[in-house]
Amino acid sequence: MPVSLTIKGADKLRTMARKLREASNVELPRELQKAIREASKPTLRAIQESARHINTKGIPKPGAKHSFRGPSASKGLRQKIAEAVVADVQTGGDDPRVQFRVSQAKLPDNIKQMPRKFDAGGTFRHPVMGNREVWVSQTGDPWFWPPIRDHIRDFRAEIDKALDNVARKLEE
C-alpha cells in the first residue's frame, strides 16, 4: 500500500471539472492539468529532497559492548525512495485531486515497506547487513508530511491561479 496524501480539490476544482466536461473545448482541460502538474512540482521536489535526507538512528542493543562499526557504504536506499515519490494529477471525473505518493512499483521488493517505516517515526527491527541471525532496532524521523505541510499554502495558491485562468478562458 503506497504512502500517500490526497489533497482533494475544494468545490472550486470540482465545479471547474464539471464545467470543463460540459464545454466543447478540449484544450482547456489539458491546460488545467498541465498548470496543476506544474504547481505540484515544488512540493514534489521538496518531498524527494526530504527522502534523500531521511534521518535514522540505531537503538543500542542491551548488553552490547560497543555500537556496530561494520561497513557503512551507502546502498542508495534514500535515493531509491526519493525516485519513487510521484505526484498524480486527476482533473477529470467526479473526484479531481492531486496525490503525492511513494510508488511501490518503483521500489525493489526488499524495501517496499521502508518509506512507511521511516516516516512513522516508531521503532522497527531489521537484520544487520542481511544476516537474519542478528537483528537490531532502528527509528526514523517523519520525512513525507513535513515538506507537504510547508508547501501547502503556496501549492493551493498556484492551483487557485490556474483555476481562475482557465475559468476566464472558459467564459470567453
Side-chain angles (χ1 to χ4, degrees), residues 1-14 16-17 32-61 67-68 70-93 95-130 135-166:
M1 177 162 27
V3 177
S4 67
L5 165 72
T6 303
I7 302 172
K8 296 198 178 196
D11 294 331
K12 189 174 183 180
L13 181 55
R14 202 169 279 115
M16 179 60 68
L32 178 62
Q33 178 129 359
K34 184 178 178 183
I36 293 175
R37 188 168 302 285
E38 283 298 314
S40 73
K41 284 183 179 180
T43 306
L44 178 62
R45 282 191 298 267
I47 298 168
Q48 290 170 332
E49 190 61 24
S50 180
R52 287 184 188 94
H53 297 95
I54 295 171
N55 188 25
T56 61
K57 181 172 53 173
I59 298 173
K61 192 173 182 179
S67 60
F68 177 71
S72 60
S74 172
K75 292 180 179 55
L77 173 65
R78 289 168 179 82
Q79 181 62 32
K80 289 174 186 171
I81 292 172
E83 290 169 359
V85 176
V86 296
D88 296 328
V89 177
Q90 295 178 341
T91 55
D95 190 21
R97 67 179 175 265
V98 176
Q99 182 180 44
F100 298 100
R101 64 184 179 86
V102 177
S103 172
Q104 297 291 294
K106 292 184 175 188
L107 289 174
D109 288 340
N110 63 337
I111 65 168
K112 287 188 185 225
Q113 296 302 315
M114 295 311 295
R116 180 168 293 156
K117 298 280 188 186
F118 285 145
D119 193 53
T123 302
F124 58 95
R125 294 180 44 79
H126 63 87
V128 175
M129 307 300 283
W135 288 68
V136 294
S137 297
Q138 190 168 359
T139 61
D141 287 338
W143 62 274
F144 191 77
W145 302 104
I148 294 171
R149 183 189 61 234
D150 294 345
H151 287 81
I152 194 74
R153 186 170 288 136
D154 294 335
F155 183 50
R156 285 183 178 153
E158 287 297 316
I159 289 176
D160 274 344
K161 276 194 248 178
L163 288 170
D164 291 343
N165 187 31
V166 170

Mind listing the closest non-hydrogen atom pair of [X] and [Y] along with its distance?
X: Ala51; Y: Ile81; value: CB-CG2, 4.0 Å
X: Val86; Y: Ser103; value: CG2-CB, 4.3 Å
X: Ser40; Y: Phe100; value: O-CE2, 3.8 Å
X: Ala46; Y: His151; value: CB-CE1, 3.3 Å
X: Phe155; Y: Ile36; value: CE1-O, 4.3 Å
X: Pro142; Y: Asp119; value: CA-OD1, 3.3 Å

How many angstroms lie between atom [atom1] of [X] and atom [atom2] of [Y], to the nearest 0.5 angstrom?
X: Asp109; Y: Gln104; atom1: CG; atom2: CD; value: 9.5 Å
X: Gln79; Y: Gln48; atom1: CD; atom2: CD; value: 8.5 Å
X: Leu77; Y: Arg52; atom1: CG; atom2: CZ; value: 13.0 Å
X: Arg37; Y: Lys34; atom1: CZ; atom2: NZ; value: 11.5 Å

Let's go through Leu32 and Leu163 carefully: what are the C-alpha distance in whole Å and the side-chain angles of both, what is the deciding distance for side chain to side chain contact (heavy atoms under 4.5 Å, CB included) to 0.1 Å, and is it a yes or a no? CA-CA 7 Å; Leu32 178 62; Leu163 288 170; 3.8 Å; yes
Does any part of the side chain of [Y], heavy atoms only, come nearer than 4.5 Å to the side chain of [X], both counted from C-beta?
X: Ile148; Y: Thr43; answer: yes
X: Glu49; Y: Pro147; answer: no
X: Arg101; Y: Asp88; answer: yes
X: Glu83; Y: Lys106; answer: no
X: Met114; Y: Leu107; answer: no
X: Pro115; Y: Lys117; answer: no
X: Glu158; Y: Asp154; answer: no

Derivation and outcome, side chain to side chain contact (heavy atoms under 4.5 Å, CB included), residues Gln138 and Thr123: CA-CA 6 Å; Gln138 190 168 359; Thr123 302; over 6 Å; no
With a 6.0 Å cut-off (strictly less than), is the heavy-atom count around CZ of Arg153, excluding the residue itself, greater than 12? no
Between Phe118 and Phe124, ring centroids under 6.0 Å: yes
For side chain to side chain contact (heavy atoms under 4.5 Å, CB included), just list the numbers for Asp141 and Ile54, CA-CA rounded to whole Å, side-chain angles, deciding distance to a tenth of an Å, and then say yes or no. CA-CA 7 Å; Asp141 287 338; Ile54 295 171; over 6 Å; no
For the pair Trp145 and Asp150, evaluate side chain to side chain contact (heavy atoms under 4.5 Å, CB included) and give the outcome as yes or no after the intermediate values. CA-CA 9 Å; Trp145 302 104; Asp150 294 345; over 6 Å; no
Sub-3.5 Å donor-acceptor pair from the side chain of Gln33 to the main-chain atoms of Val89, do we have one? yes
Stepwise side-chain hydrogen bond (donor to acceptor under 3.5 Å, both in side chains) test for Arg45 and Ser50: CA-CA 8 Å; Arg45 282 191 298 267; Ser50 180; over 6 Å; no
